[in-house]
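What follows is a set of notes on a single structure, which appears directly below.
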Amino acid sequence: MSFSFATNLAGSQLPNPVLTASGCAGSGKELSQFFPLTELGAIVTKSIMIKPRSGRATPRMAETPSGMLNSIGLQGPGVDLFLENDIPWLASQGARTIVSIAGETVEDYAVLARRMRNLPGVVGIEVNISCPNVENRGMVFSCQPESARAAVEAVRRNIGGDLPIIAKLSPDVTDIVAIAREVSHAGADGVALINTLLGMVIDTDVMLPKLAQKTGGLSGPAIRPVAIRAIYQVHAALPQLPILGMGGITHGRDAFEFILAGASAISVGTATFGNPTAVMKVKDELEEILIQKGFTGVSEAVGFAHREMK
Amino acid sequence: MSFSFATNLAGSQLPNPVLTASGCAGSGKELSQFFPLTELGAIVTKSIMIKPRSGRATPRMAETPSGMLNSIGLQGPGVDLFLENDIPWLASQGARTIVSIAGETVEDYAVLARRMRNLPGVVGIEVNISCPNVENRGMVFSCQPESARAAVEAVRRNIGGDLPIIAKLSPDVTDIVAIAREVSHAGADGVALINTLLGMVIDTDVMLPKLAQKTGGLSGPAIRPVAIRAIYQVHAALPQLPILGMGGITHGRDAFEFILAGASAISVGTATFGNPTAVMKVKDELEEILIQKGFTGVSEAVGFAHREMK
Amino acid sequence: MNPRAKQLQAEVVSNKKVGSYHHMVFSVGDLAQAALPGNFVAIAVGGPASSMVLRRAFAIYRSSEKGINGGLIELVVAPHGQGSRWLTSLRAHDHVDMVAPLGTHFGIPTEPVRALLVGGGYGSAPLFGLAELLKARGCRVDMVLGASTASKIYAPLEGKRSVSSLTLTTDDGSTGISGKITDVLPKIIEENDIEIIYSCGPMAMLSAITQISDRYEILHQCAVEESMACGIGVCMTCVLPVKGDDDQIRMLRSCIDGPVMDGSRVIWDSKRRIPEGTWGA
Amino acid sequence: MNPRAKQLQAEVVSNKKVGSYHHMVFSVGDLAQAALPGNFVAIAVGGPASSMVLRRAFAIYRSSEKGINGGLIELVVAPHGQGSRWLTSLRAHDHVDMVAPLGTHFGIPTEPVRALLVGGGYGSAPLFGLAELLKARGCRVDMVLGASTASKIYAPLEGKRSVSSLTLTTDDGSTGISGKITDVLPKIIEENDIEIIYSCGPMAMLSAITQISDRYEILHQCAVEESMACGIGVCMTCVLPVKGDDDQIRMLRSCIDGPVMDGSRVIWDSKRRIPEGTWGA
Ligand SMILES: Cc1cc2nc3c(=O)[nH]c(=O)nc-3n(C[C@H](O)[C@H](O)[C@H](O)COP(=O)(O)OP(=O)(O)OC[C@H]3O[C@@H](n4cnc5c(N)ncnc54)[C@H](O)[C@@H]3O)c2cc1C
Ligand SMILES: Cc1cc2nc3c(=O)[nH]c(=O)nc-3n(C[C@H](O)[C@H](O)[C@H](O)COP(=O)(O)OP(=O)(O)OC[C@H]3O[C@@H](n4cnc5c(N)ncnc54)[C@H](O)[C@@H]3O)c2cc1C
Ligand SMILES: Cc1cc2nc3c(=O)[nH]c(=O)nc-3n(C[C@H](O)[C@H](O)[C@H](O)COP(=O)(O)O)c2cc1C
Ligand SMILES: Cc1cc2nc3c(=O)[nH]c(=O)nc-3n(C[C@H](O)[C@H](O)[C@H](O)COP(=O)(O)O)c2cc1C
Ligand code: FES
Ligand code: FES
């Protein structure tokens with residue numbers, strides 16, 4: 001019985017389902033010292049905004065039990081320099097790239113989407129809508145059905161071609177299925193689940209929030225059960241909607257759990273900070289588990305935990 | 001400079017701010033083997049329902065990184081036997097008791113509230129509204145402003161006397177401040193933050209959700225940053241609303257973090273499973289920290305992390 | 001609740017690999033004398049920065065009051081997942097946070113009886129101390145131990161002293177009789193006119209033994225192994241449905257109403273469902 | 001990026017308590033020769049079931065290619081929080097997952113210069129290897145080490161061989177001069193006609209040294225210590241504002257654009273705020 005590790009993520013055919021997570025793989029260069037980027041299903045870039053961003057003041061990070069809090073604040077070069085430097089370099093490496101874009105207004109998403117046309121090596125767009133909407137009291141786009149829809153629609157209308165659009169959702173909502181349904185109607189080809197949970201750590205020495213920004217995003221193994229639950233719920237309600245799963249994946253076994261819950265591909269984020277070769281470890285272990293469990297391909301395992309229990 | 005460890009929780013004067021968490025201290029008897037219950041600020045009972053409950057089928061538990069998932073399903077004797085056996089026993093121990101009540105309908109809450117009048121040793125009622133509302137498609141009461149309000153109002157109208165009512169909220173909402181505001185308007189004297197996060201673990205051996213009930217509540221240190229954030233947000237928006245804080249408290253330092261964020265008292269839950277004397281450890285360490293930091297009383301430290309940063 | 005339970009920092013006295021298991025000895029002072037066969041201990045695992053928040057339960061293999069270190073408690077630990085692997089990686093002089101002794105113990109008949117002790121895998125651990133006690137009370141003790149393979153049978157020489165016969169079974173036939181424990185039970189029961197079975201091992205095995213003991217109408221005291229979070233009765237995760245004297249099924253905590261239970265009263269096969277008629281269902 | 005960085009399982013060769021610190025030696029094979037003074041290593045802490053998901057960075061105290069175990073890397077570790085306490089609890093033959101060498105290194109002048117090396121607490125660690133190198137290049141090397149108290153000054157005998165003078169300061173006066181490091185710098189700079197300062201220690205100390213080096217208009221290479229999550233440039237947590245040759249302030253990653261930086265270009269005192277004029281602010 002032959003085994004194929006390939007997966008189809010929202011229309012994009014990838015040689016394997018193991019990706020990096022946005023914001024957790026630098027520009028790609030840093031990780032390429034440890035393994036060839038072609039080994040990845042795809043590399044997901046940090047979220048690109050229109051203008052350069054300094055990011056937030058430090059401290060931007062706090063370790064938490066089995067997790068971490070970050071408030072990087074999307075530090076990055078802006079879309080111009082990104083297209084000039086990062087994309088050609090990634091293409092030169094033969095990497096498959098999924099570009100993550102982030103905006104502060106619906107118009108930002110439209111502008112960014114237009115810039116994403118015909119880029120070498122780019123196999124998809126991840127729309128990070130877990131960002132504050134400056135036009136609406138800083139409410140996070142993906143926390144309200146209307147703004148989530150508006151951002152994704154702006155991308156859909158402007159992207160052109162058939163580059164898959166994956167909307168990345170925040171778990172900090174009462175009803176994640178409702179948001180997933182909304183972005184799917186708005187034209188998303190898939191959803192990425194989950195972004196970080198809003199959290200805070202107080203430094204008990206100085207008795208102030210540890211992060212300069214006060215709150216930050218919680219990631220790592222601590223949030224894995226929340227991610228699995230969100231993916232399971234969305235896959236149960238919208239079985240046709242492809243899911244890119246993430247949140248605490250550290251071992252191949254974790255990745256397998258995400259696939260069983262309904263993810264067609266997975267991203268490894270925080271684990272890379274603890275281990276530069278975490279993504280490769282996850283990939284190798286996942287392949288071994290899938291084969292050992294007797295699956296002939298990834299798609300057979302997607303959502304397998306939803307079958308009726310005897 | 002003399003130090004007082006006493007705290008006022010929503011109108012109830014407690015000798016110290018360290019409580020057990022609902023559902024994590026059995027009937028009290030089990031822990032009393034390890035320390036006298038009078039040492040606690042108060043014991044919070046498991047959530048009592050009108051009828052006896054078998055709880056959910058097993059497996060009901062899964063360990064997760066720095067946390068655990070449970071779907072006990074409020075196993076318990078029902079209010080009659082509880083009032084007959086547990087309350088008198090707790091009173092005989094001299095324990096201060098906060099009774100947690102849970103219902104499946106608004107009427108349940110009203111009925112339970114009426115039964116809470118004039119009980120020996122009872123110093124407050126925790127209203128667990130993180131329960132499925134059977135009259136509204138099983139939607140959790142505290143996830144919708146309207147149902148959260150209705151449940152708390154039912155308690156307020158029926159409780160009589162001046163027993164403090166503390167509404168316990170679920171963190172699985174888009175806007176926890178809105179829910180806190182709602183229950184405060186409905187007559188809650190304080191809020192308990194946070195109940196467990198909805199999560200899931202998939203058993204990768206059998207490739208099915210590990211819990212018989214599929215989803216469960218995530219607790220333990222993993223969720224602490226989410227709890228601190230929720231408490232900080234609610235205290236910032238509603239500084240007059242007393243907060244009972246919980247979620248992953250294991251050390252005195254953690255308890256101190258909750259108090260700095262805005263909690264007037266704290267509950268220790270999951271940590272007791274890992275260490276039967278965790279509550280006493282938290283209490284002793286917290287007292288030491290408060291004194292060492294130069295506070296003369298708990299109330300001085302409540303919300304201290306909200307002061308302006310220089 | 002086991003009224004003798006105490007929490008203590010127990011020092012590792014020794015840790016020796018035996019087949020697939022680790023035989024571990026802990027110094028526990030006076031607590032050793034409080035332990036009875038069938039009792040278990042609950043140990044915090046992973047050290048100060050552990051991601052594992054729950055205790056792990058281990059049956060007490062034997063306890064002794066003598067020894068230069070004072071009282072000792074011995075365990076047989078299978079390195080299985082993260083917690084047990086951490087435990088079995090400890091070295092002499094390391095310490096663990098232990099609560100002991102916990103749970104119910106095997107009931108000892110007042111009159112001499114013909115007892116059969118049945119252990120699966122490390123489930124043999126609590127049976128040797130029980131065998132000694134039964135022997136001391138004048139009982140005839142037969143023993144059957146089974147496992148998937150030879151290295152998973154824990155049967156130390158000194159443990160065998162108290163038993164009249166010892167039968168081994170392995171799934172792969174690598175030692176003893178090839179097959180399941182339950183295959184050999186009827187013959188042993190009949191030949192030795194067994195009056196009571198004591199057992200410890202995987203739930204499926206206990207369930208199968210109960211069918212046999214019910215058939216022969218003999219008593220069956222089994223030590224169950226439900227997944228536990230606290231071990232002291234406060235979390236309600238370790239429950240299983242048990243029929244009471246009033247014929248009412250209740251979800252009982254196996255950590256305080258067990259682990260030793262009357263096999264014929266346990267509603268087996270209750271994973272993922274609450275049996276009909278359970279109190280509060 | 002340090003192009004020589006590799007990930008490896010490094011064996012603990014020895015772990016010895018020295019004052020408030022642990023001097024730890026790791027066997028790292030060929031990687032030892034890739035390490036330069038100022039480089040650091042990043043170590044995963046807490047073992048397989050750790051709740052700590054981030055690496056810990058440690059300055060390389062010295063590296064050597066000889067030794068029966070092949071190449072060695074030595075660290076000076078202060079048992080501070082959970083991660084470093086775990087690390088310092090390791091014993092010979094234990095292994096750690098290490099990425100090394102990381103970051104920039106101290107620049108070595110091509111001509112002999114008069115150098116002052118300033119270390120605070122365990123910040124002295126990378127300075128001894130640097131002193132040797134400078135001495136070998138014909139430089140005069142003076143050294144000042146300071147800490148809160150005597151036990152927190154790390155200054156092994158053999159380390160002192162390469163320095164012409166060693167001045168110690170402690171806050172509590174328990175050894176050397178009572179006071180802050182920066183109190184003694186002006187005099188030493190003037191007396192020895194110092195041309196360059198190399199420093200390592202707490203950020204506040206580095207900032208204060210920069211004020212002095214700016215005043216005397218001498219070079220100041222400092223190894224900064226920003227809180228790091230990955231150590232390899234992928235997480236963006238370790239940034240600090242640094243003025244480039246074009247006078248533009250940018251948030252640079254101290255793990256790959258540092259830890260060794262030009263003190264006069266760092267915008268100190270930037271905790272909790274982004275300096276005005278920073279690129280992208
Ligand atoms: C009453 C009782 C007595 C026991 N006696 C022994 C003994 O003598 N020797 C021994 O090696 N083990 C014994 N166990 C099993 C032991 O408690 C651990 O569950 C086992 O070591 C696996 O834990 P882990 O951390 O290595 O595995 P993990 O897979 O990391 O454990 C994850 C979680 O699942 C639970 N779990 C996993 N396997 C089992 C299991 N088989 N039974 C119950 N819970 C499980 C763990 O307790 C933990 O909460 C006993 C369990 C109970 C309840
Ligand atoms: C470039 C560099 C070189 C270092 N060299 C040494 C060295 O030679 N010897 C040594 O003992 N320590 C050194 N440190 C500090 C070390 O990395 C750890 O931060 C320190 O040991 C505390 O970690 P912990 O887990 O014990 O403490 P915890 O308080 O548990 O750490 C929690 C988190 O805070 C971070 N943190 C805590 N204190 C510091 C600190 N002072 N600086 C930066 N981050 C901190 C930790 O890295 C971790 O992410 C260095 C740090 C950096 C960035
Ligand atoms: C330091 C850091 C930076 C991140 N930056 C981004 C980002 O730019 N865009 C985005 O969509 N998600 C970002 N994330 C979220 C991750 O992509 C991922 O969704 C989340 O961390 C959960 O996965 P993990 O637990 O594997 O890290 C970031 C996470 C971390 C920890
Ligand atoms: C096993 C278990 C049972 C619980 N039962 C209840 C309950 O009956 N009522 C309730 O309001 N909360 C219940 N909770 C939630 C806790 O009271 C607490 O809010 C939550 O676990 C977070 O705190 P912790 O991390 O300290 O456990 C339960 C939690 C656990 C782990
Ligand atoms: S293990 Fe907690 S109640 Fe039995
Ligand atoms: S520590 Fe991660 S980028 Fe520097």
Partner of A:Arg229 under side chain to side chain contact (heavy atoms under 4.5 Å, CB included), picked from B:Asp172, B:Leu197, B:Leu69, B:Val201, is B:Asp172
Distance col, row B:Leu208:CG vs A:His306:NE2, nearest 0.5 angstrom, shows 10.5 Å
Cut-off 4.5 Å, heavy atoms of chain B, and the answer for A:Val140 is neither
What one should report as the nearest heavy-atom pair of B:Met200 and A:Glu257 is O-OE2, 4.2 Å
Bottom line for B:Thr64: the part with an atom under 4.5 Å from chain A's heavy atoms is side chain
Comparing A:Gly216, A:Pro65, A:Ala222 against chain B, the one with the most heavy-atom pairs below 4.5 Å turns out to be A:Pro65
Intermediate values then yes/no, side-chain contact (heavy atoms from CB on, under 4.5 Å), B:Gln233 and A:Leu198: CA-CA 11 Å; B:Gln233 286 179 326; A:Leu198 194 66; 3.6 Å; yes
Is it the case that more than 12 heavy atoms not belonging to B:Glu288 sit under 6.0 Å from its CD atom? no
Do other residues, nucleotides or ligands put more than 12 heavy atoms under 6.0 Å from B:Glu300 CD?
-> yes
Within the side chain of B:Thr174, is there an N or O that forms a donor-acceptor pair under 3.5 Å with the backbone of A:Thr174? yes
So do the side chains of A:Ile202 and B:Ile228 get within less than 4.5 Å of each other, counting heavy atoms only? yes
Could you check whether any side-chain N or O of A:Lys293 sits under 3.5 Å from a backbone N or O of B:Asp205, counting only pairs where one atom can act as donor and the other as acceptor? yes
request  = For residues A:Leu218 and B:Val226, determine if any side-chain heavy atom of one lies less than 4.5 Å from a side-chain heavy atom of the other.
outcome  = yes
Among B:Ser170, B:Pro225, B:Ala261, the residue with the most heavy-atom pairs under 4.5 Å to chain A is B:Pro225
Rounding to 0.5 Å, atoms OG1 (B:Thr204) and NE2 (A:His251) come to a distance of 11.5 Å
Exercise. Hey, are the side chains of B:Met207 and A:Arg307 touching, using non-hydrogen atoms and a 4.5 Å cut-off?
Worked result: yes
